[in-house]
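Written out below as C-alpha coordinates is the structure these notes cover.
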Amino acid sequence: MDMEKLVSLCKRRGFIFQSSEIYGGINGFWDYGPLGVELKKNIKDAWWQDMVRNPPPGPDGEEIQMVGVDCSIIMNPKVWVASGHVGTFADPMRKCSMCGHFVRADQLWEALALCTWMNSLIQEFTPVTGHIDSPRLLKWAQGKGKRLAPNLALVRNPHVVLSFLATRVNGQPDAPPDLKEMTQYFATEQLHATGLQDPCPVCGAALGDAKPFTLMLESHTGTEKTEESKVYLRPETAQGIFVNFKNVLDSTRLKLPFGIAQIGKAFRNEITPRNYTFRSREFEQMEIEFFCHPEQSMKWYEYWRDVRKGWYTKLGIKSDKLRPREQGDKEVAHYSKATTDIEYLFPFSDEPQELEGVAHRGDYDLKQHMQHSGKDLTYFEEELWAKADKSAYGGDKKKEQEAKSKMPYRYLPHVIEPSAGADRFTLAVLCEAYTEDQAPDEKGVMQERIVMKFHPRLAPIKAAILPLVNKEGMPEIAQKLYRELKAEWNVYYDDGGAIGRRYRRQDEIGTPWCFTIDGQTLQDQTVTIRDRDSLKQERIPIAQVGEEMRRRLRSE
Ligand code: GAP
(Lines give C-alpha, C1' and ligand atoms only; values in the text may rest on other atoms or scores of the structure.)
Protein backbone atom coordinates (compact mmCIF):
# COMPACT_ATOMS: atom_id res chain seq x y z
CA MET A 1 0.00 0.00 0.00
CA ASP A 2 1.29 3.39 -1.01
CA MET A 3 1.38 5.83 1.94
CA GLU A 4 1.00 8.79 -0.40
CA LYS A 5 -2.39 7.51 -1.56
CA LEU A 6 -3.55 7.11 2.04
CA VAL A 7 -2.29 10.56 3.06
CA SER A 8 -4.08 12.08 0.08
CA LEU A 9 -7.35 10.25 0.89
CA CYS A 10 -7.11 11.33 4.52
CA LYS A 11 -6.88 14.98 3.49
CA ARG A 12 -9.44 14.76 0.68
CA ARG A 13 -12.11 13.06 2.82
CA GLY A 14 -11.37 14.83 6.11
CA PHE A 15 -9.60 12.25 8.26
CA ILE A 16 -6.30 14.03 8.98
CA PHE A 17 -4.98 17.53 8.17
CA GLN A 18 -1.63 19.12 8.77
CA SER A 19 -1.86 21.36 11.84
CA SER A 20 -2.08 25.10 11.02
CA GLU A 21 -1.79 24.22 7.35
CA ILE A 22 -2.66 27.70 6.02
CA TYR A 23 0.49 28.99 7.74
CA GLY A 24 2.69 26.28 6.27
CA GLY A 25 2.00 23.71 8.99
CA ILE A 26 4.14 22.85 12.02
CA ASN A 27 6.38 19.82 12.12
CA GLY A 28 5.10 16.97 14.29
CA PHE A 29 1.55 18.26 14.87
CA TRP A 30 -1.65 17.02 13.22
CA ASP A 31 -5.37 17.78 13.24
CA TYR A 32 -8.18 15.27 12.86
CA GLY A 33 -10.99 16.30 10.51
CA PRO A 34 -14.71 15.45 10.74
CA LEU A 35 -14.22 11.75 9.89
CA GLY A 36 -10.86 11.39 11.67
CA VAL A 37 -12.25 12.65 14.95
CA GLU A 38 -15.06 10.07 14.79
CA LEU A 39 -12.61 7.26 13.97
CA LYS A 40 -10.26 8.17 16.81
CA LYS A 41 -13.14 8.64 19.23
CA ASN A 42 -14.47 5.18 18.31
CA ILE A 43 -11.00 3.75 19.01
CA LYS A 44 -10.77 5.43 22.40
CA ASP A 45 -14.37 4.42 23.25
CA ALA A 46 -13.68 0.81 22.24
CA TRP A 47 -10.57 0.77 24.46
CA TRP A 48 -12.45 2.27 27.41
CA GLN A 49 -15.37 -0.13 26.96
CA ASP A 50 -13.24 -3.27 26.48
CA MET A 51 -10.49 -2.50 29.02
CA VAL A 52 -12.09 -0.35 31.73
CA ARG A 53 -15.83 -1.05 31.81
CA ASN A 54 -15.85 -4.61 30.58
CA PRO A 55 -12.36 -6.14 30.60
CA PRO A 56 -12.01 -9.85 29.80
CA PRO A 57 -12.01 -12.17 32.83
CA GLY A 58 -8.70 -12.62 34.64
CA PRO A 59 -6.28 -15.56 34.33
CA ASP A 60 -8.39 -17.65 36.73
CA GLY A 61 -11.72 -16.62 35.24
CA GLU A 62 -12.33 -13.93 37.86
CA GLU A 63 -13.78 -10.43 37.27
CA ILE A 64 -11.17 -7.70 36.79
CA GLN A 65 -11.44 -4.46 38.74
CA MET A 66 -10.73 -1.38 36.65
CA VAL A 67 -11.38 2.32 37.19
CA GLY A 68 -10.43 5.46 35.29
CA VAL A 69 -8.93 8.88 36.03
CA ASP A 70 -8.47 12.05 34.02
CA CYS A 71 -5.47 14.00 35.32
CA SER A 72 -4.10 17.42 34.46
CA ILE A 73 -1.52 17.73 31.70
CA ILE A 74 0.66 20.05 33.78
CA MET A 75 1.66 18.59 37.13
CA ASN A 76 4.00 19.58 39.93
CA PRO A 77 7.47 19.45 38.30
CA LYS A 78 8.68 17.28 41.19
CA VAL A 79 6.64 14.45 39.62
CA TRP A 80 9.02 14.43 36.65
CA VAL A 81 12.10 14.51 38.83
CA ALA A 82 10.81 11.48 40.76
CA SER A 83 9.81 9.60 37.62
CA GLY A 84 13.30 10.12 36.19
CA HIS A 85 12.10 12.08 33.16
CA VAL A 86 13.86 15.34 34.10
CA GLY A 87 17.20 13.57 34.45
CA THR A 88 17.08 10.96 31.74
CA PHE A 89 14.25 11.41 29.24
CA ALA A 90 16.54 12.45 26.43
CA ASP A 91 17.68 11.29 23.01
CA PRO A 92 21.39 11.30 22.10
CA MET A 93 21.73 13.90 19.32
CA ARG A 94 24.57 14.80 16.96
CA LYS A 95 24.84 18.24 15.40
CA CYS A 96 26.40 19.04 12.05
CA SER A 97 29.29 21.47 12.49
CA MET A 98 28.53 23.19 9.16
CA CYS A 99 24.78 23.23 8.40
CA GLY A 100 23.52 22.81 11.98
CA HIS A 101 21.33 19.78 11.15
CA PHE A 102 20.55 17.50 14.12
CA VAL A 103 20.35 13.75 13.77
CA ARG A 104 19.53 11.13 16.41
CA ALA A 105 22.77 9.25 17.12
CA ASP A 106 21.04 5.87 17.04
CA GLN A 107 19.36 6.65 13.71
CA LEU A 108 22.35 8.08 11.83
CA TRP A 109 23.01 5.12 9.57
CA GLU A 110 19.33 4.75 8.78
CA ALA A 111 19.26 8.44 7.78
CA LEU A 112 22.41 8.06 5.68
CA ALA A 113 20.97 5.07 3.85
CA LEU A 114 18.04 7.25 2.80
CA CYS A 115 19.93 10.46 1.94
CA THR A 116 20.41 11.63 -1.64
CA TRP A 117 24.17 12.12 -1.69
CA MET A 118 24.85 8.71 -0.17
CA ASN A 119 22.58 7.01 -2.70
CA SER A 120 24.40 8.78 -5.50
CA LEU A 121 27.91 8.11 -4.16
CA ILE A 122 27.25 4.43 -3.55
CA GLN A 123 26.97 3.90 -7.32
CA GLU A 124 30.67 4.84 -7.68
CA PHE A 125 32.32 2.08 -5.60
CA THR A 126 31.79 -1.55 -4.60
CA PRO A 127 30.87 -1.67 -0.91
CA VAL A 128 31.03 -5.48 -0.65
CA THR A 129 34.62 -5.96 -1.87
CA GLY A 130 35.86 -2.51 -0.85
CA HIS A 131 37.02 -1.96 -4.42
CA ILE A 132 37.58 1.73 -5.20
CA ASP A 133 38.04 3.37 -8.53
CA SER A 134 39.82 6.64 -7.58
CA PRO A 135 39.32 8.50 -10.89
CA ARG A 136 35.61 7.71 -10.78
CA LEU A 137 35.28 8.91 -7.19
CA LEU A 138 37.26 12.04 -8.06
CA LYS A 139 34.90 12.74 -10.93
CA TRP A 140 31.91 12.34 -8.59
CA ALA A 141 33.49 14.65 -6.00
CA GLN A 142 34.11 17.36 -8.59
CA GLY A 143 30.70 16.99 -10.20
CA LYS A 144 27.58 15.61 -8.48
CA GLY A 145 29.26 15.69 -5.05
CA LYS A 146 29.68 19.49 -5.14
CA ARG A 147 25.96 19.85 -5.59
CA LEU A 148 24.73 17.05 -3.31
CA ALA A 149 27.21 17.04 -0.42
CA PRO A 150 29.27 20.25 -0.59
CA ASN A 151 30.79 19.78 2.88
CA LEU A 152 31.82 16.12 2.54
CA ALA A 153 35.60 15.72 3.01
CA LEU A 154 35.78 13.79 -0.26
CA VAL A 155 34.30 16.82 -2.04
CA ARG A 156 36.34 19.49 -0.23
CA ASN A 157 39.67 17.70 -0.32
CA PRO A 158 39.38 14.67 -2.64
CA HIS A 159 43.10 13.93 -3.19
CA VAL A 160 43.87 13.66 0.54
CA VAL A 161 40.77 11.58 1.27
CA LEU A 162 41.40 9.21 -1.60
CA SER A 163 45.02 8.71 -0.58
CA PHE A 164 43.98 7.82 3.02
CA LEU A 165 41.43 5.41 1.61
CA ALA A 166 43.89 3.80 -0.82
CA THR A 167 46.38 3.28 2.02
CA ARG A 168 43.68 1.57 4.07
CA VAL A 169 42.45 -0.65 1.19
CA ASN A 170 45.94 -1.66 0.05
CA GLY A 171 47.22 -2.09 3.62
CA GLN A 172 44.66 -4.78 4.52
CA PRO A 173 43.69 -6.48 1.26
CA ASP A 174 42.13 -9.41 3.13
CA ALA A 175 39.83 -7.20 5.24
CA PRO A 176 38.31 -4.59 2.92
CA PRO A 177 36.44 -1.71 4.60
CA ASP A 178 32.72 -2.25 4.82
CA LEU A 179 30.17 0.36 3.74
CA LYS A 180 30.20 2.09 7.11
CA GLU A 181 33.99 2.40 7.28
CA MET A 182 34.18 3.51 3.66
CA THR A 183 31.61 6.25 4.34
CA GLN A 184 33.60 7.36 7.35
CA TYR A 185 36.74 7.68 5.17
CA PHE A 186 34.77 9.85 2.74
CA ALA A 187 33.88 12.12 5.69
CA THR A 188 37.40 12.43 7.12
CA GLU A 189 39.83 15.17 6.10
CA GLN A 190 42.39 14.98 8.91
CA LEU A 191 42.59 11.32 9.77
CA HIS A 192 45.52 11.58 12.19
CA ALA A 193 44.06 14.54 14.08
CA THR A 194 40.42 13.44 14.36
CA GLY A 195 40.23 9.73 13.61
CA LEU A 196 37.39 8.55 11.38
CA GLN A 197 34.39 10.90 11.20
CA ASP A 198 30.66 10.35 10.57
CA PRO A 199 29.07 12.53 7.88
CA CYS A 200 25.95 14.71 8.05
CA PRO A 201 23.10 13.21 5.98
CA VAL A 202 22.27 16.70 4.68
CA CYS A 203 25.58 18.33 3.67
CA GLY A 204 28.27 15.68 4.33
CA ALA A 205 30.27 17.64 6.95
CA ALA A 206 31.62 15.83 10.02
CA LEU A 207 29.09 15.45 12.84
CA GLY A 208 29.81 16.46 16.43
CA ASP A 209 29.70 14.01 19.36
CA ALA A 210 26.37 12.75 20.70
CA LYS A 211 24.82 14.96 23.40
CA PRO A 212 21.58 14.34 25.32
CA PHE A 213 18.63 16.39 24.11
CA THR A 214 15.63 16.45 26.43
CA LEU A 215 12.29 15.39 25.02
CA MET A 216 10.36 17.30 27.68
CA LEU A 217 8.37 20.28 26.41
CA GLU A 218 8.49 23.17 28.86
CA SER A 219 6.24 26.05 29.77
CA HIS A 220 5.86 28.43 32.72
CA THR A 221 3.05 29.16 35.14
CA GLY A 222 2.40 32.55 36.72
CA THR A 223 3.66 35.94 35.67
CA GLU A 224 7.42 35.43 35.70
CA LYS A 225 9.42 33.05 33.55
CA THR A 226 11.97 31.76 36.06
CA GLU A 227 13.45 28.35 36.89
CA GLU A 228 10.95 28.15 39.78
CA SER A 229 7.95 28.76 37.54
CA LYS A 230 9.05 26.18 34.95
CA VAL A 231 6.58 23.35 34.29
CA TYR A 232 6.45 20.48 31.83
CA LEU A 233 3.77 19.27 29.46
CA ARG A 234 3.43 15.62 30.50
CA PRO A 235 5.38 13.20 28.26
CA GLU A 236 3.13 10.30 29.37
CA THR A 237 -0.18 9.93 31.16
CA ALA A 238 1.14 7.18 33.44
CA GLN A 239 2.56 9.43 36.16
CA GLY A 240 -0.84 11.02 36.82
CA ILE A 241 -2.03 7.53 37.71
CA PHE A 242 0.90 6.73 40.02
CA VAL A 243 0.60 9.95 41.99
CA ASN A 244 -3.14 9.31 42.44
CA PHE A 245 -2.71 5.68 43.53
CA LYS A 246 -3.44 6.50 47.19
CA ASN A 247 -6.35 8.83 46.32
CA VAL A 248 -8.02 6.10 44.29
CA LEU A 249 -7.40 3.50 46.98
CA ASP A 250 -8.81 5.75 49.72
CA SER A 251 -11.85 6.93 47.74
CA THR A 252 -13.02 3.54 46.47
CA ARG A 253 -13.44 0.07 47.95
CA LEU A 254 -10.85 -1.41 45.64
CA LYS A 255 -8.56 -4.18 46.81
CA LEU A 256 -5.55 -5.52 44.95
CA PRO A 257 -5.35 -6.50 42.17
CA PHE A 258 -6.90 -3.60 40.27
CA GLY A 259 -6.11 -1.29 37.40
CA ILE A 260 -6.33 2.47 36.87
CA ALA A 261 -6.74 3.68 33.31
CA GLN A 262 -6.36 7.02 31.61
CA ILE A 263 -6.70 8.38 28.10
CA GLY A 264 -5.08 11.72 27.41
CA LYS A 265 -2.66 13.93 25.56
CA ALA A 266 1.10 13.58 25.94
CA PHE A 267 3.83 15.78 24.51
CA ARG A 268 7.39 14.99 23.45
CA ASN A 269 9.80 17.27 21.67
CA GLU A 270 10.71 14.54 19.19
CA ILE A 271 13.78 15.50 17.15
CA THR A 272 12.64 13.80 14.01
CA PRO A 273 8.86 13.61 13.90
CA ARG A 274 8.09 11.43 10.89
CA ASN A 275 6.04 8.84 9.09
CA TYR A 276 2.86 10.89 9.08
CA THR A 277 1.31 10.79 12.58
CA PHE A 278 3.45 7.84 13.73
CA ARG A 279 5.99 9.96 15.61
CA SER A 280 4.35 13.24 16.59
CA ARG A 281 5.14 15.88 19.17
CA GLU A 282 1.59 15.92 20.52
CA PHE A 283 -0.27 12.62 20.73
CA GLU A 284 -2.75 10.70 22.81
CA GLN A 285 -2.04 7.70 24.99
CA MET A 286 -4.35 5.02 26.39
CA GLU A 287 -2.58 3.71 29.48
CA ILE A 288 -3.34 1.22 32.23
CA GLU A 289 -1.37 0.78 35.44
CA PHE A 290 -2.39 -2.56 36.88
CA PHE A 291 -1.42 -2.90 40.57
CA CYS A 292 -0.94 -6.41 41.94
CA HIS A 293 0.83 -8.55 44.52
CA PRO A 294 4.54 -8.96 43.62
CA GLU A 295 4.22 -12.75 43.58
CA GLN A 296 1.38 -12.61 41.07
CA SER A 297 2.94 -10.04 38.81
CA MET A 298 4.23 -12.38 36.09
CA LYS A 299 0.80 -13.97 35.80
CA TRP A 300 -0.73 -10.52 35.26
CA TYR A 301 2.01 -9.50 32.86
CA GLU A 302 1.20 -12.51 30.68
CA TYR A 303 -2.52 -11.80 30.97
CA TRP A 304 -2.21 -8.18 29.80
CA ARG A 305 0.24 -9.04 27.03
CA ASP A 306 -2.23 -11.56 25.58
CA VAL A 307 -5.34 -9.45 26.19
CA ARG A 308 -3.79 -6.45 24.47
CA LYS A 309 -2.63 -8.37 21.42
CA GLY A 310 -6.06 -10.03 21.17
CA TRP A 311 -7.75 -6.62 21.26
CA TYR A 312 -6.00 -5.45 18.09
CA THR A 313 -6.91 -8.69 16.31
CA LYS A 314 -10.52 -8.35 17.45
CA LEU A 315 -10.67 -4.90 15.89
CA GLY A 316 -9.55 -6.14 12.51
CA ILE A 317 -5.74 -6.01 12.50
CA LYS A 318 -4.57 -9.06 10.56
CA SER A 319 -2.38 -11.33 12.62
CA ASP A 320 0.41 -11.49 10.02
CA LYS A 321 0.92 -7.73 10.37
CA LEU A 322 0.80 -7.81 14.17
CA ARG A 323 3.80 -8.98 16.17
CA PRO A 324 4.27 -9.17 19.91
CA ARG A 325 8.03 -8.81 20.44
CA GLU A 326 9.56 -9.55 23.82
CA GLN A 327 12.33 -7.03 24.49
CA GLY A 328 15.82 -8.44 24.97
CA ASP A 329 17.83 -8.11 28.21
CA LYS A 330 19.75 -5.09 26.92
CA GLU A 331 16.65 -3.24 25.74
CA VAL A 332 14.48 -3.72 28.80
CA ALA A 333 14.56 -0.99 31.51
CA HIS A 334 16.73 -1.84 34.50
CA TYR A 335 13.73 -2.03 36.89
CA SER A 336 11.56 -4.10 34.52
CA LYS A 337 11.29 -7.87 34.69
CA ALA A 338 9.92 -8.07 31.15
CA THR A 339 8.47 -5.91 28.40
CA THR A 340 6.64 -6.87 25.21
CA ASP A 341 6.20 -4.42 22.37
CA ILE A 342 3.09 -5.06 20.29
CA GLU A 343 4.18 -4.05 16.82
CA TYR A 344 2.46 -3.48 13.50
CA LEU A 345 3.95 -3.70 10.03
CA PHE A 346 3.23 -0.20 8.70
CA PRO A 347 3.63 0.31 4.94
CA PHE A 348 6.40 2.89 5.49
CA SER A 349 8.78 0.41 7.10
CA ASP A 350 10.28 -3.02 6.42
CA GLU A 351 10.20 -3.84 10.12
CA PRO A 352 7.12 -3.87 12.39
CA GLN A 353 6.90 -0.74 14.58
CA GLU A 354 5.62 -0.25 18.12
CA LEU A 355 1.89 0.27 18.66
CA GLU A 356 1.99 -0.43 22.35
CA GLY A 357 4.37 -1.48 25.11
CA VAL A 358 3.28 -3.90 27.83
CA ALA A 359 5.81 -3.47 30.63
CA HIS A 360 6.34 -5.14 33.97
CA ARG A 361 7.49 -2.08 35.95
CA GLY A 362 7.94 -3.80 39.32
CA ASP A 363 7.53 -1.31 42.20
CA TYR A 364 9.81 1.27 40.55
CA ASP A 365 7.32 4.13 40.16
CA LEU A 366 5.55 3.87 43.51
CA LYS A 367 8.91 3.57 45.25
CA GLN A 368 10.25 6.67 43.47
CA HIS A 369 7.17 8.73 44.36
CA MET A 370 7.23 7.47 47.93
CA GLN A 371 10.85 8.56 48.31
CA HIS A 372 10.43 11.94 46.62
CA SER A 373 7.08 12.93 48.17
CA GLY A 374 7.69 11.41 51.59
CA LYS A 375 4.14 9.95 51.45
CA ASP A 376 3.40 6.33 52.29
CA LEU A 377 2.22 4.57 49.13
CA THR A 378 2.31 1.03 50.49
CA TYR A 379 -0.68 -1.31 50.42
CA PHE A 380 -2.04 -3.01 53.54
CA GLU A 381 -3.74 -6.44 53.36
CA GLU A 382 -6.50 -5.73 55.89
CA GLU A 383 -8.36 -9.03 55.50
CA LEU A 384 -5.17 -11.07 55.76
CA TRP A 385 -4.22 -9.27 58.95
CA ALA A 386 -7.72 -9.66 60.40
CA LYS A 387 -7.53 -13.42 59.84
CA ALA A 388 -3.91 -13.78 61.00
CA ASP A 389 -3.03 -15.84 64.09
CA LYS A 390 -1.63 -13.12 66.38
CA SER A 391 -0.82 -15.41 69.32
CA ALA A 392 2.87 -15.42 68.35
CA TYR A 393 3.09 -11.72 69.38
CA GLY A 394 1.77 -12.47 72.88
CA GLY A 395 -0.26 -9.23 72.94
CA ASP A 396 2.91 -7.15 72.43
CA LYS A 397 1.65 -4.13 70.43
CA LYS A 398 5.14 -3.19 69.25
CA LYS A 399 5.70 -6.64 67.79
CA GLU A 400 2.29 -6.52 66.15
CA GLN A 401 3.04 -3.14 64.62
CA GLU A 402 6.33 -4.44 63.28
CA ALA A 403 4.65 -7.51 61.76
CA LYS A 404 1.97 -5.31 60.18
CA SER A 405 4.57 -3.07 58.57
CA LYS A 406 6.05 -5.73 56.30
CA MET A 407 5.28 -8.69 54.04
CA PRO A 408 2.91 -10.40 53.81
CA TYR A 409 0.72 -7.61 55.29
CA ARG A 410 2.22 -4.39 53.97
CA TYR A 411 4.11 -3.98 50.72
CA LEU A 412 4.50 -1.91 47.58
CA PRO A 413 2.39 -3.37 44.78
CA HIS A 414 4.00 -4.31 41.50
CA VAL A 415 2.73 -2.75 38.32
CA ILE A 416 1.96 -4.04 34.84
CA GLU A 417 1.62 -1.22 32.33
CA PRO A 418 -0.07 -1.70 28.95
CA SER A 419 0.63 1.65 27.27
CA ALA A 420 -0.92 2.23 23.84
CA GLY A 421 -0.92 5.17 21.45
CA ALA A 422 -4.37 6.27 20.24
CA ASP A 423 -2.89 8.04 17.22
CA ARG A 424 -0.61 5.13 16.33
CA PHE A 425 -3.51 2.72 16.41
CA THR A 426 -5.64 5.15 14.38
CA LEU A 427 -2.86 5.19 11.77
CA ALA A 428 -2.63 1.39 11.81
CA VAL A 429 -6.42 1.15 11.38
CA LEU A 430 -6.26 3.52 8.40
CA CYS A 431 -3.40 1.56 6.81
CA GLU A 432 -5.10 -1.77 7.42
CA ALA A 433 -8.44 -0.53 6.03
CA TYR A 434 -7.15 1.01 2.81
CA THR A 435 -8.12 -1.30 -0.07
CA GLU A 436 -8.28 -0.90 -3.82
CA ASP A 437 -10.59 -3.33 -5.60
CA GLN A 438 -13.35 -3.37 -8.18
CA ALA A 439 -17.10 -2.99 -7.84
CA PRO A 440 -19.85 -2.95 -10.49
CA ASP A 441 -21.49 0.38 -11.35
CA GLU A 442 -25.23 0.80 -12.09
CA LYS A 443 -24.75 -0.81 -15.51
CA GLY A 444 -22.92 -3.77 -14.03
CA VAL A 445 -19.57 -2.63 -15.44
CA MET A 446 -16.67 -3.25 -13.07
CA GLN A 447 -15.03 -0.03 -11.88
CA GLU A 448 -11.95 0.61 -9.73
CA ARG A 449 -12.91 1.58 -6.21
CA ILE A 450 -11.15 2.67 -3.03
CA VAL A 451 -12.75 1.14 0.02
CA MET A 452 -11.81 1.65 3.66
CA LYS A 453 -12.55 -1.70 5.29
CA PHE A 454 -12.87 -0.45 8.87
CA HIS A 455 -14.17 -2.79 11.53
CA PRO A 456 -17.83 -1.67 11.92
CA ARG A 457 -17.23 -0.69 15.57
CA LEU A 458 -14.55 1.75 14.45
CA ALA A 459 -16.14 3.05 11.24
CA PRO A 460 -16.72 6.83 11.54
CA ILE A 461 -20.14 6.53 9.91
CA LYS A 462 -22.05 3.34 10.62
CA ALA A 463 -24.66 3.56 7.89
CA ALA A 464 -25.89 5.75 5.03
CA ILE A 465 -29.57 6.25 4.30
CA LEU A 466 -30.22 6.76 0.61
CA PRO A 467 -33.57 7.50 -1.07
CA LEU A 468 -33.24 6.11 -4.61
CA VAL A 469 -34.94 9.18 -6.09
CA ASN A 470 -36.01 12.48 -4.59
CA LYS A 471 -39.72 11.98 -5.20
CA GLU A 472 -42.67 9.61 -4.78
CA GLY A 473 -42.51 9.80 -1.00
CA MET A 474 -39.08 8.15 -0.78
CA PRO A 475 -37.30 11.15 0.86
CA GLU A 476 -39.95 11.27 3.61
CA ILE A 477 -39.48 7.58 4.47
CA ALA A 478 -35.69 7.93 4.29
CA GLN A 479 -35.71 11.04 6.54
CA LYS A 480 -37.80 9.20 9.14
CA LEU A 481 -35.39 6.24 9.16
CA TYR A 482 -32.42 8.61 9.34
CA ARG A 483 -33.86 10.40 12.36
CA GLU A 484 -34.50 7.10 14.14
CA LEU A 485 -31.00 5.75 13.54
CA LYS A 486 -29.13 8.92 14.36
CA ALA A 487 -30.41 8.81 17.93
CA GLU A 488 -28.12 5.81 18.40
CA TRP A 489 -25.32 5.99 15.81
CA ASN A 490 -23.43 8.37 13.56
CA VAL A 491 -25.34 7.89 10.30
CA TYR A 492 -25.43 9.89 7.08
CA TYR A 493 -28.25 10.99 4.81
CA ASP A 494 -27.38 11.35 1.14
CA ASP A 495 -29.81 12.09 -1.65
CA GLY A 496 -27.36 13.59 -4.16
CA GLY A 497 -26.37 11.93 -7.44
CA ALA A 498 -26.58 8.47 -8.99
CA ILE A 499 -26.95 5.66 -6.46
CA GLY A 500 -23.70 3.97 -7.62
CA ARG A 501 -21.77 7.16 -7.00
CA ARG A 502 -23.36 7.53 -3.58
CA TYR A 503 -22.32 3.94 -2.68
CA ARG A 504 -18.78 4.66 -3.79
CA ARG A 505 -18.59 7.85 -1.70
CA GLN A 506 -19.53 5.76 1.34
CA ASP A 507 -17.07 2.96 0.44
CA GLU A 508 -14.24 5.48 0.36
CA ILE A 509 -14.92 6.57 3.94
CA GLY A 510 -15.57 3.03 5.18
CA THR A 511 -19.32 3.10 5.91
CA PRO A 512 -20.18 -0.58 6.48
CA TRP A 513 -23.85 -0.48 5.43
CA CYS A 514 -26.08 1.51 3.05
CA PHE A 515 -29.88 1.40 3.37
CA THR A 516 -31.69 2.29 0.15
CA ILE A 517 -35.31 3.30 0.03
CA ASP A 518 -36.72 2.44 -3.43
CA GLY A 519 -39.97 1.75 -5.30
CA GLN A 520 -40.52 -1.53 -3.50
CA THR A 521 -40.26 0.20 -0.11
CA LEU A 522 -43.45 2.07 -0.97
CA GLN A 523 -45.25 -1.22 -1.53
CA ASP A 524 -43.93 -3.59 1.12
CA GLN A 525 -42.02 -1.39 3.66
CA THR A 526 -38.71 -3.14 3.00
CA VAL A 527 -35.34 -1.54 2.24
CA THR A 528 -32.12 -2.92 0.77
CA ILE A 529 -29.07 -3.24 2.99
CA ARG A 530 -25.84 -3.18 1.00
CA ASP A 531 -22.71 -4.58 2.61
CA ARG A 532 -19.54 -2.56 1.92
CA ASP A 533 -17.17 -5.56 1.75
CA SER A 534 -19.21 -8.35 0.16
CA LEU A 535 -21.32 -5.91 -1.94
CA LYS A 536 -24.26 -8.20 -1.20
CA GLN A 537 -27.70 -6.55 -1.09
CA GLU A 538 -30.56 -7.99 0.94
CA ARG A 539 -34.06 -6.76 1.59
CA ILE A 540 -35.21 -6.36 5.16
CA PRO A 541 -38.32 -4.75 6.71
CA ILE A 542 -37.68 -1.09 7.43
CA ALA A 543 -38.95 -1.65 10.97
CA GLN A 544 -36.05 -4.06 11.59
CA VAL A 545 -33.20 -1.82 10.42
CA GLY A 546 -32.17 -0.72 13.94
CA GLU A 547 -32.21 -4.29 15.27
CA GLU A 548 -30.26 -5.53 12.25
CA MET A 549 -27.56 -2.89 12.83
CA ARG A 550 -27.37 -3.78 16.50
CA ARG A 551 -27.05 -7.48 15.60
CA ARG A 552 -24.34 -6.87 13.01
CA LEU A 553 -22.36 -4.56 15.31
CA ARG A 554 -22.48 -7.17 18.08
CA SER A 555 -21.45 -10.07 15.88
CA GLU A 556 -18.57 -8.41 14.01
N1 GAP B 1 4.21 5.11 30.11
C2 GAP B 1 5.00 4.37 29.19
C3 GAP B 1 5.21 5.05 27.92
O4 GAP B 1 4.88 6.22 27.74
P5 GAP B 1 6.20 4.70 25.54
O6 GAP B 1 6.64 3.42 24.86
O7 GAP B 1 7.18 5.82 25.57
O8 GAP B 1 5.79 4.25 27.00
C9 GAP B 1 3.72 4.36 24.88
O10 GAP B 1 4.85 5.19 24.89
C11 GAP B 1 3.00 4.47 23.55
O12 GAP B 1 2.72 5.84 23.24
C13 GAP B 1 3.82 3.95 22.36
O14 GAP B 1 3.72 2.56 22.22
C15 GAP B 1 3.16 4.70 21.22
O16 GAP B 1 1.99 4.03 20.80
C17 GAP B 1 2.78 6.03 21.85
N18 GAP B 1 3.80 7.06 21.51
C19 GAP B 1 4.97 7.27 22.12
N20 GAP B 1 5.63 8.29 21.54
C21 GAP B 1 4.86 8.71 20.52
C22 GAP B 1 4.98 9.74 19.53
N23 GAP B 1 6.04 10.55 19.50
N24 GAP B 1 4.00 9.90 18.63
C25 GAP B 1 2.89 9.10 18.65
N26 GAP B 1 2.72 8.12 19.57
C27 GAP B 1 3.68 7.92 20.49
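Please read all numbers here as calculations on a predicted model, not as lab measurements. All ligand and atom numbering here is 1-based and tracks the order in the structure.
By the 3.5 Å distance cut-off applied to N or O atoms, Leu355 is counted among the residues near ligand 1.
Using modelled atom types, one finds a donor on one side chain and an acceptor on the other under 3.5 Å when comparing Asp423 with Tyr32. In summary, the side chains of Asp198 and Gln184 do present a donor paired with an acceptor at a separation below 3.5 Å, with no hydrogens or angles considered. Checked by atom type, the side-chain pair Glu287/Thr237 shows a donor-acceptor distance below 3.5 Å.
Distances shorter than 4.0 angstrom occur between a heavy atom of Phe278 and an atom of ligand 1.
Checking Glu354, His85, Arg361 against atom 14 (O) of ligand 1, the nearest heavy atom belongs to Glu354. One option in Arg234, Glu270, Met286, Gln285 has a heavy atom closer to atom 12 (O) of ligand 1 than any other, and that option is Gln285.
Near Glu287, meaning under 4.0 Å from any of its heavy atoms, are these atoms of ligand 1: 1 (N), 2 (C), 3 (C), 4 (O). Close approach of ligand 1 to Glu356 (heavy-atom distance below 4.0 Å) involves ligand atoms 14 (O). Taking every non-hydrogen atom of Ala238 and a distance limit under 4.0 Å, the qualifying atoms of ligand 1 come out as 1 (N).
Using a 4.0 Å cut-off between heavy atoms, Asp423 makes no contact with ligand 1 at all. Residue Arg279 touches ligand 1 through backbone and side chain together, judged by heavy-atom distances below 4.0 Å. The side chain of Glu417, and not its backbone, has at least one atom closer than 4.0 Å to an atom of ligand 1 (non-hydrogen atoms only; side chain from C-beta on).
Comment: Glu227 engages Lys230 in a salt bridge, judged by a side-chain N to carboxylate O separation of less than 4.0 angstrom. Ion pair Asp363/Lys367 flagged as a salt bridge, since at least one NZ, NE, NH1 or NH2 atom sits closer than 4.0 Å to an Asp/Glu carboxylate oxygen.
At the top of the distance list for atom 5 (P) of ligand 1, counting protein heavy atoms only, stands Arg268 NH2, 3.9 Å. Remark: minimum distance from atom 15 (C) of ligand 1 to any protein heavy atom is reached at Arg424 NH1, 3.5 Å. The protein heavy-atom contact nearest to atom 17 (C) of ligand 1 is Gly421 CA, 3.8 Å. The protein non-hydrogen atom at the shortest distance from atom 24 (N) of ligand 1 is Ser280 N, 3.0 Å. Closest protein heavy atom to atom 18 (N) of ligand 1: Phe283 CE1, 3.5 Å. Here the heavy atom of the protein found nearest to atom 8 (O) of ligand 1 is Ser419 OG, 3.8 Å.
Cation-pi geometry between Arg274 and Phe278 is not met at under 6.0 angstrom from the ring centre and within 45 degrees of the axis.
In plain terms, the two heavy atoms of Pro235 and His85 that are nearest each other are CG-CD2, 3.6 Å.
Checked against the 6.0 Å centroid threshold, His293 and Tyr379 do not count as a close aromatic pair.
Panel note: side chain Ser97, backbone Ala206; a donor-acceptor pair is recorded below 3.5 Å.
Distance check: Asn76 CG to Tyr232 OH gives 11.0 Å after rounding to the nearest 0.5 Å.
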